[in-house]
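None of these values were measured; they are calculated from a predicted model.
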Amino acid sequence: MRKKQLNRHVIIAGTPRAGKTTVCLELLKYGFVHYKMDSIKRGICEVFGYNQHDWNFLNEKIAKIINIIIKENKTDTIAGLEYYAIDTCHVLPKDVALFDENILVIYLGYADISVEDKFNEIRLNDKKHYWSSKVSNENLRRMIEANINLSKEIREGCNRLNIKYFDTSFNREMVLKEVIGYIIKNCT
């Protein structure tokens with residue numbers, strides 16, 4: 001029987017504004033390289049003329065791109081010593097089966113918060129360069145409602161497939177510290 005190796009890379013998936021990028025930026029302190037798949041996805045869509053909101057079409061393709069990035073790690077670094085923290089909202093729990101067993105996959109979401117509470121949290125913490133700062137209040141509320149519903153679907157999928165899910169609806173900073181500790185324990 002093959003001994004399972006320690007995870008070298010982590011995929012942090014989930015809904016927008018759940019804390020994925022915040023976690024990845026903190027992981028830089030531990031030597032992780034941050035790949036922000038949303039930026040890569042937007043580039044692919046712009047270059048090839050895809051609609052970036054066509055989730056069903058893009059999810060599996062993003063999962064395949066992530067696999068290529070991780071496989072390249074074995075040839076692009078000295079002895080494959082880089083750790084990757086891959087941040088994406090375009091991989092669903094059902095897509096996890098596409099990844100190598102030695103990749104830690106976790107999900108972040110906010111299934112238990114009200115639309116108005118999440119809206120207030122986002123507006124309180126918005127910065128000029130955040131995508132949410134460029135969205136009207138009405139559209140942001142609609143997006144939050146959709147993301148709360150998506151968080152519920154993701155949580156159900158994670159429970160069904162035994163994938164770690166962290167809910168950042170409340171005590172976000174404390175939950176994100178827990179996420180970072182979980183990643184460090186399981187990846188380094």
Nearest-0.5 Å distance that lies between atom CD1 in Ile11 and atom CD1 in Ile86: 5.0 Å

Do Ile148 and Val115 pass the side chain to side chain contact (heavy atoms under 4.5 Å, CB included) test, and can you show the C-alpha distance, the side-chain angles, and the key distance before you say yes or no? CA-CA 8 Å; Ile148 289 171; Val115 171; 3.9 Å; yes

For the side chain of Thr168 and the backbone of Tyr110, is there at least one donor-acceptor N/O pair under 3.5 Å apart? no

Correct closest heavy-atom pair for Cys24 and Ala85 would be SG-CB, 3.8 Å

Beyond-backbone contact of Lys20 with Thr88, side-chain heavy atoms, under 4.5 angstrom: no

So, taking the atom named CZ in Phe170 and the one named CD in Glu121, what distance separates them when rounded to the nearest 0.5 Å? 9.5 Å

Heavy-atom count around Lys177 NZ within 6.0 Å, excluding the residue itself: above 12? no

Would you name the heavy atoms of Ile154 and Pro93 that are closest together and state the gap between them? O-CG, 3.7 Å

Phe99 and Ile103 have their tightest heavy-atom pair at CB-CD1, 4.1 Å

For Tyr107 together with Tyr165, are the ring centres under 6.0 Å from each other? no

In the structure I gave you, are the side-chain heavy atoms of Asp167 and Ser151 within less than 4.5 Å of one another anywhere? no

For the pair Asn120 (side chain) and Glu116 (backbone), establish whether a donor and an acceptor sit closer than 3.5 Å, ignoring hydrogens and angles. yes

Rounding to 0.5 Å, atoms CZ (Arg141) and NZ (Lys118) come to a distance of 14.5 Å

Any non-hydrogen side-chain atom of Leu25 less than 4.5 Å from a side-chain atom of His34? yes

Are Leu161 and Val105 linked, directly or through other ILVMFWY residues, by side chains that come within less than 4.5 angstrom of each other? yes

Side chains of Trp131 and Met143: does their closest heavy-atom pair fall under 4.5 Å? yes

Note: Ser133 and Lys128 closest approach over all heavy atoms is OG-O, 3.1 Å

Is a side-chain N or O of Lys152 found less than 3.5 angstrom from the main chain of Asp112, in a donor-acceptor match? no

How long is the span from the CG atom in Leu108 to the OG atom in Ser169, to the nearest 0.5 Å? 11.0 Å

So CD1 of Ile184 and NZ of Lys29: to nearest 0.5 Å the spacing works out to 11.0 Å

Going through the distances and angles, do Asn125 and Arg17 end up as a side-chain hydrogen bond (donor to acceptor under 3.5 Å, both in side chains)? CA-CA 10 Å; Asn125 296 298; Arg17 298 302 304 263; over 6 Å; no

Distance-minimising heavy-atom pair for Asn147 and Pro16: OD1-CD, 3.5 Å

Determine whether more than 12 heavy atoms belonging to other residues, nucleotides or ligands lie under 6.0 Å from atom CG of Asn137. yes

Using the rule that two of Ile, Leu, Val, Met, Phe, Trp, Tyr join whenever any of their side-chain heavy atoms come within less than 4.5 Å, decide whether Val47 and Ile65 are in one cluster. yes

Side chain to side chain contact (heavy atoms under 4.5 Å, CB included) between Ile122 and Ile144, intermediate numbers included: CA-CA 10 Å; Ile122 288 172; Ile144 291 168; 3.8 Å; yes

Quick one, Tyr30 and Ile183 - any side-chain contact, counting heavy atoms below 4.5 Å? no

Are Met37 and Phe48 in one and the same hydrophobic cluster, where Ile, Leu, Val, Met, Phe, Trp and Tyr link if side-chain heavy atoms are under 4.5 Å apart? yes

Evaluate side chain to side chain contact (heavy atoms under 4.5 Å, CB included) for Phe119 paired with Ser114, printing each intermediate quantity in order. CA-CA 8 Å; Phe119 173 84; Ser114 72; over 6 Å; no

Mark yes or no for whether Asp117, through its side chain, and Ile113, through its backbone, hold a donor-acceptor pair below 3.5 Å. no

Pairwise side-chain contact, Leu104 with His9, heavy-atom cut-off 4.5 Å (strictly under): no

Establish, for the pair Lys164 and Phe166, whether the NZ or CZ atom is under 6.0 angstrom from the six-membered ring centre and no further than 45 degrees off its axis. yes

For the CD1 atom of Ile12 and the OG1 atom of Thr22, what is their distance to the nearest 0.5 Å? 10.0 Å

Step-by-step side chain to side chain contact (heavy atoms under 4.5 Å, CB included) determination, Leu27 to Val10: CA-CA 10 Å; Leu27 290 174; Val10 61; 4.2 Å; yes

Would you say that Ser132 contacts Leu140 through its side chain, given a criterion of any heavy-atom pair below 4.5 Å between the two side chains? yes

